[in-house]
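Below: the structure, in structure tokens.
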Amino acid sequence: MSIDSEDKISEMNQAWDTAYEYLSSQLWAVFKLPLWIPTPKNRAFVQAMGTLDRIVYRIIRSRRENSNSPDDLLSMLMDTYDEESGQRMSDEQLRDEIMTIFTGGFETSAAVLAWTWYLLSLHPHVESRLQDELKSVLNGRTPTLEDLPNLKYTRMVLEESMRLYPGAWVYTRTNLQADQVGGYHIPANSVIIISPYVTHRLPAFWENPEDFDPERFTKEQAAARPRYAYYPFGGGPRQCIGEIFAMTEMQLIVAMVAQKYRLHLVSGHPVEEEPMFTLRPRYGILMTLEPQISFGDVYTPNIQKGITLR
């Protein structure tokens with residue numbers, strides 16, 4: 001949305017954190033109180049959503065009043081029109097699209113990247129092979145979209161990371177008609193819970209399912225598996241619309257960061273899954289950031305700094 005105000009970005013992030021905590025608490029709540037009941041959680045959520053709405057609607061209004069619009073996602077959405085009616089999106093429709101992309105465009109990707117660095121730190125042989133590919137393809141330069149097809153192992157590392165720790169670890173679906181699945185009768189309008197986290201660890205589909213092995217995602221091995229043995233972005237008509245965007249940004253980020261740094265897990269720091277709205281690490285992942293200085297073919301460690309991934 002071409003937001004360049006640090007204050008505005010910080011305000012949106014804080015509001016999203018509040019909304020995230022509320023949505024996560026509602027995911028498994030047995031009793032869900034209506035939002036009009038002024039509990040502390042309800043009031044905090046309503047206020048957070050009000051903050052997000054206020055900022056997004058203000059940007060939309062400003063964009064409609066300004067003829068010199070930047071070439072960004074919001075402009076693309078505003079230029080989109082319905083082929084049958086010729087109508088463009090209303091402010092409310094634009095708000096819904098922006099809010100969906102905002103909430104889904106960074107939360108799951110950030111979680112997957114955190115787990116990816118964690119797994120690489122535990123498997124130095126995988127990290128070493130990743131470094132070999134980056135040196136062969138990029139040799140220190142910034143990756144571009146044109147490089148992505150050649151960064152095959154980088155993508156395989158991410159795919160295997162999402163197998164073990166899918167950002168969206170559970171989905172719900174409602175069947176419109178009664179059905180029979182696996183010998184079980186499912187009445188119409190049932191809420192069906194589907195979990196990639198469970199499916200991705202089933203021995204029926206994955207040999208040594210708890211191991212971190214990017215080689216599972218060679219073309220040959222991927223083609224030999226059933227279609228829905230692996231579905232980190234869902235599937236069918238409701239498959240995540242942001243899949244290509246997410247894979248593109250994550251591949252580029254890993255390629256950029258791994259060329260300059262090695263990330264090492266801090267000994268003794270607890271790493272535990274927190275199955276909330278997304279699959280976050282409960283205490284973050286505390287790591288040591290080790291910059292690398294390149295002298296020809298040799299990478300030399302530089303100073304270390306502590307960071308926490310969430």
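The analysis underlying the following values was restricted to heavy atoms, covering all of them including side chains, and did not include hydrogens, waters or symmetry mates.
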*List the steps and the verdict of side chain to side chain contact (heavy atoms under 4.5 Å, CB included) for L158 and F217.*
CA-CA 10 Å; L158 284 164; F217 290 93; over 6 Å; no

*Determine, for Y197 and R201, whether the Lys NZ or Arg CZ falls below 6.0 Å from the six-membered ring centre while staying within 45 degrees of the axis.*
yes

*Do you know which two heavy atoms are closest between A15 and A48, and how far apart they sit?*
O-CB, 3.4 Å

*Considering all heavy atoms of both residues, which atom of L94 and which atom of M78 are nearest to each other, and what is their separation?*
CD1-CG, 3.7 Å

*Is the side chain of H123 donor-acceptor paired with the backbone N or O of D211 at a distance under 3.5 Å, no angle test?*
no

*Could you list the residues that satisfy ring-ring contact (aromatic ring centres under 6.0 Å, His included) with Y22, not counting sequence neighbours?*
F45

*Least distance between heavy atoms, S109 atom then A246 atom*: OG-CB, 4.0 Å

_Counterpart residues, ring-ring contact (aromatic ring centres under 6.0 Å, His included), relative to F233 (two or more places apart)_ = none

_Partner residues of T218 under the side-chain contact (heavy atoms from CB on, under 4.5 Å) criterion, sequence neighbours left out_ = M156, E215, E220, Q221

_For a quick test of reading the model, state the closest non-hydrogen atom pair linking A168 to P196 and the distance between them._
O-CG, 3.7 Å

*For A255 against L151, the heavy-atom pair lying closest together*: CB-CD1, 4.0 Å

*Donor-acceptor pair, W169 side chain versus M276 backbone, under 3.5 Å?*
yes

